[in-house]
Amino acid sequence: MLREHASEATARPPIGPLAVPAGNLRDELVRTAHWVADYLESVATRPVVTPRTPSQRQRLLTSPLRNEGRPIAEFLDFVEAEVAPYPCGNGHPAFFGWINTPPAPVGIIAELLSVALNPSCGMGEHAAMDMEHGAVRALAELAGLPPGTGGVLTSGGSMANLLCLAAARTWYLRQRGVGDQTDGADYANAHARLVCYQTAETHMSVGEAAQTIGLPAGRLRNVPLTSDSRMDPVALRAAIRADIETGLLPFCVVSTVGTTATGAVDPIQEITAVCREFGSWHHADGAYGGLGAAHPDLAPHYAGIDQVDSLTVDPHKTLNVPIGCGSALVTDPTRLRDAFSLTASYLDVNEELPWMSDYTFELTRPAGRALTVWAVLHQLGRQGVSDLIDHYLRRTRLLRELVAEHRDLQLIADGPWSVTCFRYLPADPGLRPPDPDTFTAELGRRLQDGGRAFLATVRIRDTLALRASVCNYQTSDDDIRTLVNEVLTIGEQLTKS
Ligand SMILES: *Cc1c(COP(=O)(O)O)cnc(C)c1O
């Protein structure tokens, strides 16, 4: 049937400067598809990253725009020559930096299809928007949130945290009878007294979100951590009490379920209990670890996740959905709508079928998020999600074992999630570097430049550590061994020099 439509379409002559004759487009898509498949097959044999020369960079930074256009076939050649050889590294199975992942193959197909269809998941009533509702519901269910949870897919965890903080603010002020700015002085007065709680381990996007919603400076409190790098609920209660005594309004507590630095999970139930006591919103940032409830070993840390008010989950992390795809999941989605449903006369509002744009800051929104999440979740199924997390945890266990076994390696932090923080520190005190942090930073840099594996460094309390996160569906035990061998080889070289 599609073919019939296609042959009608080919009867239309190409019109205008963007048009491409149908046969020509088909050839280019096929050539690109072959290139993509070859590229993905060869990624593991390429360097993880390749440094660029200043002149290579200039060609991209300042390339002048010609007056005349060029054939579309040149674009693939350009990407092949100038972009593909200098990757971010996250497609490679020996990439352990930050929490950046490769694209799930079915996600690549879904992304291509989504841009061919190109609906906006902001307005109108169409299938892709229903897919987004469905994808949100599936994520919420995997995360252990209650039925009725809604929300939106976002560009990433940072945007999801921003949306949830904005929803928390609007909800909290509405509870006090001053939900929007038309409430004038009362709104301004209450807003000026808002205070929010996090920890030193909270992702910086929460601080940025707090600034963006206009939280007064200095009102993002760092609650002390217990010795296992988790928020101390006793200290949280004390901090809120002290703030209330001075007339402040504790509108929101942000916990982290899977911290970026060490993979720790804050005590969810205890934090919710404190929030209930003071009428605060509990936002859990699970950009990295939000799907922990889907794996049997992690699930015990997620008891009570169904009681949070909102949860951030990044499908572009744990699920290897192509970048940028996060999600803001809100157990009562009308609260998200209350914060974002200002409308305009040229937009029809259907109360029965609210548009996705009523739940977020964006109006014209890509369908790629919905199609990629849907595609990946349907390939995996519930069991596949658990197996994928299991794959990360097994490789992580091997890494920790190798670190524990070697006398010159020292484990510094290992959350329940798949992050391992460690350092090279010779067992022989006579060989120890005078400044271990400088040594670790140099080791990390050399490892990155070497191109065989990639990790980043992180400060854990007073120590600079190497940080390896396993979040790639293709990472094998051999890739873990490659990483450890690189660390040992470079560590020995640096010690001798
Ligand atoms: C990665 C991360 C974020 C930010 O998400 P982006 O998708 O990079 O915007 C927020 N919180 C935590 C805990 C993260 O690990």
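All ligand and atom numbering here is 1-based and tracks the order in the structure.
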**Asked** Do Thr199 side-chain atoms and Glu201 backbone N/O form a donor-acceptor pair below 3.5 Å?
**Response** yes
Ligand 1 atoms nearer than 4.0 angstrom to some heavy atom of Ser158 are 4 (C), 5 (O), 6 (P), 9 (O)
Is the closest heavy atom of Gly326 to ligand 1 under 4.0 Å?
no
A student checking ligand 1 against Asp314 at a 4.0 Å heavy-atom cut-off should list atoms 5 (O), 6 (P), 7 (O)
Within 4.0 Å of some non-hydrogen atom of Asp285, the atoms of ligand 1 are 10 (C), 11 (N), 12 (C), 13 (C)
### Heteroatom distance test (Ser205, ligand 1): nitrogen or oxygen, under 3.5 angstrom
no
A student checking ligand 1 against Lys317 at a 4.0 Å heavy-atom cut-off should list atoms 1 (C), 2 (C), 3 (C), 4 (C), 5 (O), 14 (C), 15 (O)
Residue, atom and distance of the protein heavy atom nearest atom 4 (C) of ligand 1 read His203 CE1, 3.4 Å
Worksheet item: Can you find an N or O of Gly258 that's nearer than 3.5 Å to an N or O of ligand 1?
Response: no
- Message: Quick check: Phe454 with Trp98 (ring centres under 6.0 Å apart)?
- Response: yes
dist Phe340:CZ -> Phe361:CZ (nearest 0.5 Å) comes out at 8.0 Å
Test side chain to side chain donor-acceptor pair (under 3.5 Å), reference Arg395, set Asp390, Asn472, Asp477, output is Asp477
Short version for Met159: what comes under 4.0 Å of ligand 1, heavy atoms counted, is neither
One finds that the ligand 1 atoms under 4.0 Å from a non-hydrogen atom of Thr260 are 12 (C), 13 (C), 14 (C), 15 (O)
Within the distance-only criterion (no hydrogens, no angle test), does the side chain of Asp243 pair as donor or acceptor with the backbone N or O of Leu248 below 3.5 angstrom?
no
Query - 4.5 Å side-chain heavy-atom contact, Val253 and Phe278 - result: no
The single option from Asp285, Thr154, Thr212 that satisfies side chain to side chain donor-acceptor pair (under 3.5 Å) with Asn161 is Asp285
A student checking ligand 1 against Ile99 at a 4.0 Å heavy-atom cut-off should list atoms 15 (O)
Tyr288 heavy atoms within 4.0 Å reach ligand 1 at atoms 15 (O)
*Charged N-O contact under 4.0 Å between Arg481 and Asp478*: yes
Next item on the list: Assess whether atom CZ of Arg382 is packed by more than 12 heavy atoms of other residues, nucleotides or ligands within 6.0 Å.
Entry: no
One finds that the ligand 1 atoms under 4.0 Å from a non-hydrogen atom of Ala287 are 2 (C), 3 (C), 10 (C), 11 (N), 12 (C), 14 (C)
| Can a salt bridge be assigned to the pair Arg335 and Asp309 using a cut-off of 4.0 Å between side-chain N and carboxylate O? | yes
- Query: Do any nitrogen or oxygen atoms of His316 come within less than 3.5 Å of a nitrogen or oxygen of ligand 1?
  - Reply: yes
the protein heavy atom lying closest to atom 6 (P) of ligand 1 turns out to be Gly157 N, 3.3 Å
